[in-house]
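Here is the naming used below: chain letters follow the sequence lines, and residue numbers restart at 1 for every chain.
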Protein chains: 2
Amino acid sequence: MALFVSTFVNKVDRKGRVSVPAPFRAALSNQMPQGIVVFPSFTAAAIEGCGNDFLEQLATSTTAAFDLFSPEQDDLNTLIFSSSHQLAWDPEGRVMLPEEILAHANITEQAAFVGKGRTFQIWEPQALKSHTEEARKRALQNRPQIALRTPEVK
Amino acid sequence: MALFVSTFVNKVDRKGRVSVPAPFRAALSNQMPQGIVVFPSFTAAAIEGCGNDFLEQLATSTTAAFDLFSPEQDDLNTLIFSSSHQLAWDPEGRVMLPEEILAHANITEQAAFVGKGRTFQIWEPQALKSHTEEARKRALQNRPQIALRTPEVK
DNA sequence: TGAGATTCCATTGACGCCCATGTTTTCCCA
DNA sequence: TGGGAAAACATGGGCGTCAATGGAATCTCA
């Protein structure tokens, strides 16, 4: 399954096009249709992104493991599907981010693609910087607890 | 699984390329894609290094669907994924260390690859020397405790 | 017939691949 | 056991390819 790693800052041109980083495209190369799925983050001024398979999985887990999910979780899944956009990239690997999505993340000139493992996010570079700084502080504060939860490499 | 042992100091050429020590490459020979994963250490002016399997495991261990809605819990994972780089080595076994990563470890001319068991680190040789010295002092100070925790040889 | 969207083409710069060289280690055989 | 051949590894540089980006041309729908 797709793995999104690293951070890439790409330019948004006058027409609103952005290149999806080549490694991200490669990670999704086996998917149909060719493209990405985006929806506004519920917790931050950012865009959540993933492959089609992630939505597939979300749909499956909602129905199959119904009991495991709280009603709130189910509501969130509904929100995700309704606010998602499937974006196909053009022959050069660029997508057009919808107006409302851009506005939600305050993106104008540049877009930072941030790998998060099975998913990724798209940020306005400056906003990402301050957000990362806070996350780093929190992580260092919680370091003892978090360290315990880091998967052991076998 | 991969095991990284010993220390190797290699040159960083004008293009920013460094040879990954042959024993380290051999330890990762069964992985796909062929290369290493690096990210800045959170506690030292050094680079953390590992194989792809480390990230795979990190991604798998966190149930993807839940992470989107619990910001505090996956701070560390997010930091790792976003600041990591997958570096494939060329036919000669060299990788290009990204600018930001080099800066974090103050590496310019030489890079010291330090085996740490399941992972490894990359240091600026002088910084490694002083760091090792301090580690030695601490270890001697804590010697009684450490001795007690050393597994018994049967 | 315009405005927006999609496809196509051109440019530039970075990165990956290839070949060459020097040095060290290993191996083989006299 | 010593010397020479061969392999493995680290290193340097040239060059082709591809990704990111900008803009023009074509298309489509109101």
Side-chain angles (χ1 to χ4, degrees), chain A residues 2 4-29 33-36 38 49 85-103 107-115 120 122-125 128, chain B residues 2 4-29 31-38 47 49 52 84-103 107-115 120 122-125 128:
Chain A
F4 302 102
V5 185
S6 213
T7 297
F8 304 87
V9 178
N10 283 341
K11 212 167 178 184
V12 180
D13 73 10
R14 214 177 311 168
K15 300 184 187 176
R17 298 178 299 186
V18 202
S19 285
V20 177
F24 285 21
R25 295 205 302 271
L28 295 169
S29 58
Q34 282 280 289
I36 63 176
V38 296
H85 296 258
Q86 289 186 318
L87 307 178
W89 52 64
D90 66 16
E92 284 77 36
R94 292 177 285 196
V95 294
M96 281 208 48
L97 296 172
E99 193 56 47
E100 56 183 296
I101 300 271
L102 283 173
I107 292 175
T108 54
E109 309 234 314
Q110 289 190 317
F113 288 75
V114 184
F120 60 93
I122 310 177
W123 285 79
E124 195 285 320
L128 171 65
Chain B
F4 304 102
V5 186
S6 196
T7 297
F8 303 86
V9 179
N10 284 340
K11 206 169 180 184
V12 180
D13 72 12
R14 213 177 313 168
K15 293 169 143 190
R17 297 179 298 188
V18 201
S19 285
V20 177
F24 285 21
R25 294 205 303 271
L28 295 169
S29 58
Q31 301 216 355
M32 276 296 293
Q34 280 282 288
I36 63 175
V37 173
V38 297
I47 305 172
N52 265 289
S84 286
H85 295 258
Q86 289 183 316
L87 307 178
W89 53 63
D90 66 17
E92 285 76 38
R94 292 175 288 192
V95 294
M96 278 209 49
L97 295 173
E99 192 57 46
E100 56 184 295
I101 298 274
L102 285 173
I107 292 175
T108 54
E109 309 237 313
Q110 290 190 317
F113 288 75
V114 184
F120 60 93
I122 310 176
W123 285 79
E124 196 284 321
L128 171 64

Note the angle between the end axes of the helix from dT1(C)-dA30(D) to dA30(C)-dT1(D), five pairs defining each, rounded to 10 degrees. 40°
State, with a plain yes or no, whether a side-chain heavy atom of I36(B) is found less than 4.5 Å away from one of F120(B). yes
Q34(B): partners by side-chain contact (heavy atoms from CB on, under 4.5 Å), with sequence neighbours left out: W89(B)
Correct closest heavy-atom pair for A27(A) and A2(A) would be O-CB, 3.5 Å
Start and end of chain A contact along DNA chain D [non-hydrogen atoms, under 4.0 Å]: dA19(D) to dA24(D)
Partners meeting side-chain hydrogen bond (donor to acceptor under 3.5 Å, both in side chains) with E124(A) (sequence neighbours left out): none
Show, in sequence, the C-alpha distance, side-chain angles and deciding distance for V9(B) and L128(B), and conclude whether the side chain to side chain contact (heavy atoms under 4.5 Å, CB included) test is met. CA-CA 11 Å; V9(B) 179; L128(B) 171 64; over 6 Å; no
Q86(B) CD to dC15(C) C1': how many Å, rounded? 16 Å
Between S19(A) and R14(B), name the one whose nearest nucleotide on DNA chain D is closer to the 5' end. R14(B)
Taking side chain as C-beta onward, heavy atoms only, is L87(A) less than 4.5 Å from V20(A)? no
Separation between CG of L102(A) and OG1 of T108(A), rounded to the nearest 0.5 Å: 9.0 Å
In whole angstroms, the gap separating P of dT21(C) from NZ of K11(B) amounts to 18 Å
Per-nucleotide protein contact string for nucleotides 2-9 of chain C (B base, S sugar-phosphate only, - none; heavy atom under 4.0 Å): ----BBBB
Not counting sequence neighbours, which residues clear side-chain hydrogen bond (donor to acceptor under 3.5 Å, both in side chains) with Q86(B)? List them please. N52(B)
Output every pair passing salt bridge (charged side-chain N to carboxylate O under 4.0 Å, His left out) with a member in residues 8-22 of chain B, not counting sequence neighbours, ordered by first then second residue. D13(B)-R17(B)
With sequence neighbours left out, what residues match E92(B) under salt bridge (charged side-chain N to carboxylate O under 4.0 Å, His left out)? R94(B)
Taking only residues two or more places apart in sequence or in another chain, which ones pass side-chain contact (heavy atoms from CB on, under 4.5 Å) with E100(A)? H85(A), P98(A)
Can you name the residues that form a side-chain contact (heavy atoms from CB on, under 4.5 Å) with P23(A), not counting sequence neighbours? F8(A), P21(A)
Rounded to the Å, how far apart are L97(B) CG and dG16(C) P? 12 Å
Across all chains, not counting sequence neighbours, the side-chain contact (heavy atoms from CB on, under 4.5 Å) partners of V18(B) are N10(B), V12(B), L97(B), A111(B), F113(B)
Nucleic acid contacts - residues 20-28 of chain B versus DNA chain C, non-hydrogen atoms under 4.0 Å: none
